[in-house]
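Down below is the structure, laid out as structure tokens.
Below, chain A is the first sequence line, B the second, and so on; all start at residue 1.
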Amino acid sequence: MSTPNKNLNENEPQNLNSVAEVEDAKLAQIHEKPKSQGRIVLERFVSHKPAMISAVILVVITVFAFSSIGWGPIPGWWGQNFYHAGAVVDGGKPTLSLVPAWLGGEGIRIGEHPFGQDSVGKDYFALVMNGTQKSIIIGVVVGLVATVLGTVIGAVAGYFRGWVDEILMRITDLFIVIPLLVLAAVLGKMAGASTGSIIILALVLGLVTWTGLARLVRGEILSLREREYVAAAQAMGSKTSRVIFKHLIPNTMGVIIVNATFAIAGAILLESSLSYLGFGVKAPESSLGLLISQYQNAFTTRPYLFWWPGMIIVTIALSVNFLGDGLRDAFDPRQIGKKRRRRAGLFALPTRKEKP
Amino acid sequence: MWKFIAKRLGSALAVLFAASLLLYVLVINSGDPLKDLRESNADNREYLMAQRVEYMNLDAPWYGRYWDWLTGASKCLIGQCDLGQNINGVEVSGLLANAASSTLRLVVLATVIAAVLGIAIGVLTAIRQYSGLDYIVTFMTFLFFSLPVFWAAVLLKEYLAISYNDWLADPQISLGSSIAIGIVVGLVLQMFLGGSLKRRGITFIAAAVFVPLVLQYSIWLNFYRYPQMGPAIIIVLTALVALSATAMSVGLKEKRVLYPALITVVLVLAMYYATFYMLLEPNAWILLFGLVLAVAIPAVVGRFMGGRLRKAAMSVSVATGVVGAGLTVVDHMFRAWPGFLDVKGRPIATIGSSTANLEGGFWDHFLDNGTQLLMPTILLAVISLASYSRYTRSSMLEVQRQDYIRTARSKGLSERTVIFRHAFRNAMIPIATIAAFDFAGLIGGAVITERVFGWKGMGEMFATGLDHVDPAPVMAFFLVTGTAAIIFNLLADIVYALLDPRIRV
């Protein structure tokens, strides 16, 4: 048997005696660094254009919302604030104009009140930015709480099977039977009544939206727990929590992350729906849903009061959804390339002629 | 199988019971039912408060009140529902009957439209993955997912209802806008039909020429105030449906399927004339009976003429018959439209599920309910359609990677057979479960739609009840939606077990 070690890096005919040696030769020719799974996913994500555009949009909106009017003790760069009522200038119309003067417009300027003013003269830009902040905070907190809760419950149910699984699944069914909006409305009313804080509302909403993720994680864990590394870990005497948190859950990260982004998008829409019905965020706090519900009748006379918060909700939800879609494509190992296959149309006649 | 159903029903009832307890306790504790009375300055404030305490049994402990409600609700199983009284002393069961009919009308129609259109779009985009159509439809799907319902409702009210009503007073379409509409329709149509560049070009040019002509002709006919569609057009359209259904399922060469379909077309013509006077003033039962006939007679024709291709012949004939019957009904609606416009000048109203005190015959009420139903249905259907098309698309893509599809193609089967007979049927299995969840979720989602459009449906009952901290209407709402959710989930599981032989029940 020849020793394959010496000549493998040169392109000479070699005496390779077995398939294994041929494969070794091929592998030795590869000069790239091996990539970890996280790296592969990241590269696929970055090459997904809509997801990258959405990520940029989200970052811009978040930075804008939090820096413009400040957050907590940190002041912002926007001169006005959202609680000072004042004189209504020019019927509250927006002073933002984008058509340059040489095209016949009023010139590009931001002006004093780019989004206009509401009925009592508060600056609408500050109001909308404040609402955006609150909506983003609620969305992220609800998404996180729902993800953590759903993952843990799903993992425990899937790993232990037996009566633990039964009980946890019945509890999940309990939360599914009551329509989401109903439960969220009731809990939101309770949370809103006790304090004005939105964090309480967000926690409460998170307690309601974990069921979808729990079912998905349970399904994944059910199939993953049969793998050999789980058996090996159990044989080595690992604690249950270690098996779950160090082996099983990291392997379900793909599903969890994708659904966490969809949960955030859903949470933002849920919160705005609740505020519209009156069971979510209440005055003096504000959120985008509350703004829309307050000004829905002004649509014909002062449409800008209605368009701005709505467009921001749509943009945020759309971007988060595209982000989630990009993540899902990045985590999916079965992606075929982007080639379009030419297939015969649906109404095409058969390709073979009839037999004579 | 029966053991499985019994077990599931048992655990479902237990879950329903526990959920009702949870909801009752939450609703009672969600606020103060006497709040508005406490803040009022009326003279008989104390008396009103005492009266309300007595109505709602506020002195009893929570388990006492829950037990009262539970015993009343379980009498539903014997047929004498006692769902309690709301905060004004009105019996909730009466309110529920009215409200449920409105909501169910809305939700069922929206689900059916969303499912049919969503599945069709999902299949189409899955077949043409990565094409221009796929990207555009994907973007629109995500857009509809991300729309807040109430925001879209206001936009819809403005542009669909108010603008349309204004336009209907004096319908005019300028030449420029008809040409623009024609070009847009041409672009969309060539994307949907696909094919080689030459075929797309022909489709585009045909649409861009045909559509403006049709629009201008319709304005000249004053079609939007005096619509007409005689038997000639009905026959042409029904024949088109017969031909395309045959072409899409087995191909035009198969006479055994084509002939029953064409016979059905002739039958539709005969029925049009036969039922003309009866349909001028029908009632709901006649229409229902007509629908049953429209399914039964073509099915019989197809079965007896179909021979080897019985099933295909039956389904094509039934499709033709139903479309023909539908077009006959539409013709009668067209005839009633001018009279309807006289009673209700601005047809698409934005509030309410029907106009109060409307005078007129059957068709006037029918058109009234229909135009009130239009906008909420469009809203709910469009949002639901997005999720259906997404799920169908991913399910079809999953199925198309399977080995049996590759085998079918390599056998030389036509693309149509591969897609419709093999891929589509297997892709539909998970959709059955999704449809179940979606229906239950839609009833809950109707809460917002009803608030926006001012419908007095179940969602409105729930919202008002919760506002007043009144448990009876909220529990009645939950009873309907919870039962619907459980039944539909059970149905979905059974259908799944029936369709997929790998699932052993």
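- Residue B/F478 touches chain A through its side chain alone, counting heavy-atom pairs closer than 4.5 Å.
- Ranked by non-hydrogen atom pairs under 4.5 Å with chain B, the options A/A317, A/P309, A/S319 are led by A/A317.
- Using a 4.5 Å heavy-atom threshold, the side chains of B/V15 and A/I171 count as separate.
- The distance from the CG atom of A/L183 to the CG atom of B/L26 is 6.5 Å, given to the nearest 0.5 Å.
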Show your reasoning for whether side chain to side chain contact (heavy atoms under 4.5 Å, CB included) applies to B/I486 and A/D173. CA-CA 9 Å; B/I486 290 198; A/D173 279 347; over 6 Å; no

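- Here the CG atom belonging to B/L147 is positioned 8.5 Å from the CG atom belonging to A/L318, to the nearest 0.5 angstrom.
- The minimum heavy-atom distance between B/P148 and A/I313, with the atom names listed, is CG-CG2, 3.7 Å.
- Interface residue A/M311: backbone and side-chain heavy atoms are both found under 4.5 Å from chain B.
- Proximity to chain A (any heavy atom under 4.5 Å) is shown, for B/L252, by neither the backbone nor the side chain.
- For B/F145, the parts sitting under 4.5 Å from any heavy atom of chain A are the backbone and the side chain alike.
- Closest approach of A/D325 and B/R390 over heavy atoms only: OD1-NH2, 3.6 Å.
- No more than 12 heavy atoms of other residues, nucleotides or ligands shown are found within 6.0 angstrom of CZ on B/R406.
- The choice from B/L413, B/V474, B/T138, B/L143 that makes the most heavy-atom pairs within less than 4.5 Å of chain A is B/L143.
- The structure places OG of B/S394 at 7.0 Å from CZ of A/R328, a figure rounded to the nearest 0.5 Å.
- Minimum interatomic distance between B/S146 and A/L269 (heavy atoms only, all atoms of both residues): O-CD2, 3.6 Å.
- More than 12 heavy-atom neighbours from other residues, nucleotides or ligands sit within 6.0 angstrom of OH on A/Y295.
- In terms of non-hydrogen atom pairs under 4.5 Å with chain A, the most contact-rich of B/A18, B/A485, B/A19 is B/A19.
- Using a 4.5 Å cut-off between heavy atoms, A/A185 contacts chain B through both its backbone and its side chain.
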Could you give the side-chain donor-acceptor pairs of residues 149-161 of chain B under 3.5 Å, partners two or more places apart or in another chain?
{"unit_1": "B/W151", "atom_1": "NE1", "unit_2": "A/F306", "atom_2": "O", "d": "3.2"}
{"unit_1": "B/K157", "atom_1": "NZ", "unit_2": "B/V452", "atom_2": "O", "d": "3.2"}

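- B/I448 contributes atom CD1, which lies 5.0 Å from atom CG of A/L277 (distance to the nearest 0.5 angstrom).
- Looking at B/F477, the atoms closer than 4.5 Å to chain A (heavy atoms on both sides) all sit in the side chain, from C-beta outward.
- Taken to the nearest 0.5 Å, the OG atom of A/S273 stands 12.0 Å off from the CZ atom of B/R451.
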